[in-house]
Amino acid sequence: MLRLNQMKVHTKYIAGLIVVIFFVLCPLFLNSERSYFIYFLYTTFIYITIAQGWNLIAGYTGQVSLGQHAFFGLGAYITAITWRAGLTGYFDPLAFLLSGTGALLLAAIVGVVLLSKLRDDYFSLGTLGIGEILRVAALNGGSFTEGAAGISLNSTAYKSMNHYYYTALFIMLFTLVVIVLLIRSRVGLALIAIREDETAASANGIPVLRYKILAFSIGAFVTGLCGSLNAYYIFHVHPPGVLSLNWVVIPVLMCILGGAGTFMGPILGAFVLSIAFELTSIWMPEIHPIFSGAFIVLVTLFMPSGIMYYITNHKSMIMRRLRLTVFKWMNQKA
Amino acid sequence: MKQRSILYRITIRCLFILFIGFLITGCSKGRGKEIIIGSHLPLSGPGGLVGLEQKWAYDQAVKDINDAGGIYVKEYDAKVPVRLIAIDDESDSGKAAAAVERLIKKDGVELILSGSNGAMGVLPGMITAEKYKVYYHGTLIWLETFLEHKFKNCSLYNFDMGQVIPMCFEVWNSLPKDQRPKRPAIFVEDSFDGKMMGDALTMFAKKFKYNVVLHQSMGLGAKDFTTQVIKAKSANADGIICLANTPETVTLVRQLKENDVSFKVFQGFKGTWPTEFYKSLGKDADYILCDGFWSEDYPFKGAKEIGQRFFDKYEKHSTSVGLYYALCQILFQAIEKAGSTDPVKVRQAITDNEFNTVNGKVKYDGRGVALYTSGNFQWMNGKQQNIYPFNLAKYKIKAAPPWKKR
Amino acid sequence: MSYFPSLAVFFQIIINGTFLGTMYGVAAIGLSLIFGCMQVLFIAQGTMMILAAYSVFWLVYFMSIDPLISILIIIPVFLVLGWIMYKGMFQRVSQAGPSSTLLLAFGLMVFMESMMLFIWSPNIRSVKTSYSTSAFQIGDITISVSRLIVTVVAGIATCLVYLFLKKTMTGKAIRGVSEDRVTGMLLGINPNRVSAITFAIGIAMAGVAGVATCLIYPFDPYFGFLFSLKALIAIAFGGLGSVGGALLGGIILGILESLSSYTISPGWADAIAYAAFILVLIFRPQGLLGKAADKV
Amino acid sequence: MENHLLELRSVDVSYGDAQAVGNFSFYIDKGKIITLVGANGAGKSTILNAISKIIPTSSGEIFFSGMSTAGLKPEDIVKLGICQVPEGRHLFTKLTVLENLELGAYPVHTRPFMKDSIEKAFTLFPILKERINQSSGTLSGGEQQMLAIARALMARPKLLMLDEPSLGLAPKVVSLLFKTIKKLNNDGVTILLVEQNVHQAMEIADYAYVLQTGTCKMDGHCHDLLKNSDFKNTILGIRE
C-alpha cells in the first residue's frame, strides 16, 4: 500500500517534470520572436508567480493583502534606478536580487507595523493604502523617480524574447519550489494554523507575527523579482504602469478563481483566466471587458471557493461525466 | 491519493488541449491578397473617448482606399485592399505592449498604425514594435521621448513642442496690449504629459517675458480644485494654461465661476476640445481656448469632407480626426511608393517622400520625424473657431470678459 | 496661521473641504452599512453611483425634470436593485467568506463599467441645472449653491438612515444582526432578510450619491472607482460599520485633503490621506470618533 | 400519540465527520421544568441548537405540539413559541437595554403585546428598568443574564430553553435566578434547562436527562435520580 502511494506521488512529480521540460523546450521548436504562445506563457508565468506570492500570505496564512502592486512597482523602480545610475546592467542578476530584497524589506517593515496591529479587512485596507502611498511618492519623487514622466530605459539593449521567457520560467519555478518546501515544512503547518485560528495558534506557542511577516516577505520578494523583469521588458517605468492596481487585482483574481490556499489553485487559475481573457479579446473584441466581468461574477456565484475546491468536491461526478463523454465519442467514431 | 493523481492527470490533459488550441490559433496567420495593418487603440478605459474617434478616422481612411480599389503594390503588380485590425489596449501601458505583441505575433502584422495616449499607449507600442523590427507609424508622443529611445523602425508625425508652447504666448501677444494677460498661471495634471508640458511652459514663458505666478499640479481624477482656485485668486493671476482631462477641466471651470475668478485667456489643452466639454458647461465655456491637431476649415483637399462625415455620424465637430486620417493617408501613399509591404522599405519610403494629406503637405526628416503646426481654437457659441495658425485662421481671438459681465 | 494669507481663506478651505467630504461621506454610508451588516467590502459602490448618475442623466434628458426630483424615482428603483443583487448573488456567495464577496463585487464593478461603456459610450455626460455654477457670498467666503444642496441632501439622507436604524424594528434588527447573527436567529430574525434590506438601503444610498455626483461633476463610466477608494478611507475614519461616522469620516477626509493640498501640494494630498488612513487603522481601529460612533 | 409539547425522536447531529449527538430521544410535557445535565462537551447545547434549527440534524425528527418541525427555519421556530437563551447571554452589546427587549418581540404576532411584555419584564426584573437606556454591554453579569431571559420572554414563548444561565455568576445571584425561573414556570412557561450546576437545577426541575458524549445515559424524576447511586457516581461524584 505504501509503495503504491509512493508510486502515485512519483507519477505526480513525473507529470510535473514533463510539463516543465515542455516549457523549457518550447522556444526550441517555436520562433520566440514571432510566437504569441511564448509571449502568452511569459506573461502567465509572471502572473502565476505574483499569484503564488499572494497565495502564501492570503491563501495559506489568511491575511488578505491588497498591496502586492507596491512590491511589484518597487522592484521595477529599483531595477530602473540602479540601471540608470550605472550600478547594474541589462538583465543583471544583481538588479534582480536588489529588487527582490527591496520588496522584501518593504514587506518586512510594513509587516511589522501592519501585521502586528491589524487583522482581517483592516489589514487589507492598510496594504491598499501602502500601495497608493508608494504610487503618490513615485509621482512626487523629483529627479529620483522622474515623477509622472517615469524613467526611460535604454530600449536598444533588447536582444531576444528568450531571455525574458527563461527568466520568467526560472522565477516561477523558484517560487513554486520555495512554496512547496515551505508548505511541506513545519512553517507551512504553522501558517495554516494561523489562518484557521490565530488565538489558538499563538496559545500553542507559534510565533504568529514572525510567521506572518515571513510569509508576507517571501511573497513580496518574488513579486519584486517580477517587477524587475517587467521593467526590463517594458523599458519605461512610470507610476500608472508599474504601480497600477492591475498588478494586484489580476493575480488575486487568478488565485481565488483557482482556489486560494491550494498549491495548484493559482497555477490553474492563471491559465484559465489568461486563456479566457485572450480568447474573449480575440472572439469578441468589442465587448471583452463585459465578458471578463461576467466571467468573474459567474465563477464566484457557482464556484465561490475556487476551481480546485470545486474539482475536489465534485471529482467523482466530473470523472463520471468525462468518462461518459469519452465513451460516447469513441462509440461515434467507431 | 489514487483519485487525486487521476484528477491531476486530467487537469494536465485539459491544459495540454488548451495549449494546443492556442498553438493553432497562435500560428495561423492569414496571408491572403490583402495588406494587413494593425492598430492598438484605447477603446475602453479612461482614453476611450479619444480612441473611438481615432478608430472612426482609421476606418474611414481604410474604407476610402478600398472603395478606390486598394493600394497599388508593385510587388504584387495589383491593387490590393487594406484590412485594419484594431484591438483594445484598455488605456494601459502594459496592455498596450501586450496588444502590439498580439498584433505582431498572432495576426502577423508588420505595419502598425499609431495608438493613442503617449506614454500610456504609443511609447510601449513603439518599444515593442522596435523589438521585433516591425514598422510603427506613430503620432501623439513627445519628440524628446521618441528621440531618446533611438527608434529605427518607427516614425513620428506629431505636433511640434517647440511650436505648441510658444503658440500659447503668440496667441496672447496677438491681443491688443491692454487686453493681454500679464500674470499667467500654469495648471498641469499629474501625468507624463503634464510634467513635460509644465516644464516647457515655464521655460517658454520666460522667453516671452511672461512671469508665471503660479504652477500647480492637478491630481488625476481629483474632484476638487478649490485649493488651486484660491491660490490663483490670491496670486492675482489673469491668464491660465491648463492641461487636464475633460472631467477635471469642467470641474475646474465650474469652481472658477463659483469663486468668481476670471481669466482674460483660458488656454486649455486636451480637456477642452471635446464637444462634451461645451455640453457640460454651456455658455460658460465660451472664450475658452482649446488646442486641436487639425481643423476642418483648413484649405486642404478632403478636410471639409471628412469633417462633414464626422459631423453626420456623431453630430459634433472634431479637431482631431483629420490628423488620424492624414496619418493613414501617409502610410498608404508610402506603401504605394515603396511598392511593397516590407516594413524596412515602407520606413524608407516614409523618409524619402513628400505626402499630401488633409492636414497639408508632410515631409519626414532622416530621423523619421515630421512635425506639423498644431491649431488653436476658441469656443464661441458652441463652435470651435480656428484662431491659429494665423495664416490659415479666419477668426481672431477675443479676450474673455469677467464672469459678472457676461 | 502663517500658512494662510487670511482667516477667510482658512475658512474657505475648511468649507470646501466639508463640501468635498460630503461627497465622500455620502458614498461611504452605503458601503459602511453593507460592511457592518455582512462584512462585505462592496467596492462596486462607486460604480453603482455612476449607474445612478446615468439614470438621472437620462431622466433629465427625456423627462426634463430637475435632478433633485429624480431622487424620488432613483431611491425606490435602487432599493429594488439592491434587494435583487443580494438575493440573487451575495446571499449565495457570502457563505464562502469575505474574499469571495470581494471578488464578486470586483467582478460586478468590471461588468457594470464595461456595460455602461458599451451602451452609453465613453463620452462624458453631465447634467446642467440653473444652479450648476451659482454661488453666494457670506463675508469673504464663497459658497457654491450646488455643493451646498448636495451637502444638505447628504445630511438629510444620513439622518433618515440614522433614524431608520434607531427607531424602527427593522433598523434595530439590522444593528442587532450586525453584531451577532446567530442570536438574531434565536430571536426570530431572518438574517438573510435583514441583510437584503441593508444591502438595498446601501445601494439606495449609492443612488443618492449618484444624484449628488450628477449635480456637481461631469462623469464617465470609470468615474466611480476613486469614490470607492475614498469611501473606504472615510469609513475607516468613522469606524467600520457606523453610519453617522461614515459621513463625518468623509468630511474629515475632505478637510484633510483640502488643507494638505493648500499647505503642502495637491500632489501629496492623496498620500497624506492614505497615511492618515493607515495611522487611524493602526491606532484607532474603532475610528477617530471612537465611542460616539459605537452607538450606531 | 401523546400530546407532548416537545418531542425528539432518535436525533443525530454531526459536525463534519464528528458526531456530537447520537440517537437522542426525549420529550417535555406542558408546564414542566426539564433539565439536561452532563459534563462539558456532552452535547447539551448542541441539542438546544438543533431544536432551534441553528444547526441541522442528520437524522431523527423533532415534534412541537405534535407537529414535525422538519424544514422550518430558526425564525419559524421562534414563531411557534420556542425561545432559546444562548450560553454566554449574547446580548446586542451596542444596543440599549430597551432596544434589546424590543428586538425580543421581533416576530410580528408578538409586536402588539410589546408594551405589555416590557412592563412584565420590568416587574420580573426591576433592576432593568433603572438601566433602561444604558447600552447593554455596560451591565453586570447578573443583569445581563436577566436581560437575556427577559428578551427571550418578549416573544411570549411556550417553551423557554435556557443554556447555562448560571455561568459565571455569583452564588447569590444564581439562587435569585433560579427562583425567578421557578416563578416563570408557575406562570405557565415550560422550561428546558441546561445546567452544569446540577444540584440547583435538580432542585427546581421535575425531570432530568443525563447526557454523556452525545447519548442519553439515564433519565428519571429528579428526586429519584438524586437517590440513584449510579447517578451520584457519574455526575455528582465527579463534581463533588
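Being a predicted model, the structure only gives us computed values, none of them experimental. By convention in this document, chain letters (A, B, ...) are assigned in the order of the sequence lines, proteins followed by strands, and residues within each chain are numbered from 1.
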Let me know if C:Leu229 has heavy atoms under 4.5 Å from chain A in its side chain, its backbone, both or neither.
side chain

Stepwise side-chain contact (heavy atoms from CB on, under 4.5 Å) test for C:Asp270 and A:Glu132
CA-CA 8 Å; C:Asp270 268 356; A:Glu132 291 304 293; over 6 Å; no

For A:Leu298, which atoms come within 4.5 Å of any heavy atom of chain C: side chain, backbone, both, or neither?
neither

Rounding to 0.5 Å, atoms CD1 (C:Ile278) and CG (A:Leu114) come to a distance of 6.0 Å

Portion of A:Leu118 that has a non-hydrogen atom of chain C nearer than 4.5 angstrom:
side chain

Looking at OG1 of A:Thr300 and CZ of C:Phe106, how far apart are the two atoms once the value is rounded to the nearest 0.5 Å?
11.5 Å

Among A:Asn140, A:Val64, A:Val249, who wins on heavy-atom pairs under 4.5 Å with chain C?
A:Asn140

Is A:Leu134 in contact with chain C via its backbone, its side chain, both, or neither, using a 4.5 Å heavy-atom distance?
neither

Taking all atoms of both residues into account, what is the closest heavy-atom pair of A:Lys117 and C:Ile282, and its distance?
CG-CG2, 3.5 Å

Please report the shortest heavy-atom distance between C:Ser100 and A:Pro304, naming the atom on each side.
OG-O, 2.6 Å

Contact part of A:Tyr309 toward chain C, heavy-atom cut-off under 4.5 Å: side chain, backbone, both or neither?
neither

Hey, what do you get for CZ (C:Phe277) to CG (A:Leu128), rounding to the nearest 0.5 Å?
6.5 Å

d(A:Leu139 CG, C:Trp268 CH2) to nearest 0.5 Å is 9.0 Å

CG of C:Leu102 to CG of A:Leu66: how many Å apart, nearest 0.5 Å?
6.0 Å

Select all residues of residues 34-49 of chain C having any heavy atom within less than 4.5 Å of some heavy atom of chain A, and report them by number, or 'none'.
C:Phe35, C:Leu41

Sort by residue number and list every residue of residues 195-202 of chain A having at least one heavy atom under 4.5 Å from chain C.
none

Minimum heavy-atom distance between A:Ile296 and C:Gly107, given as atom pair plus value
CG2-CA, 3.7 Å

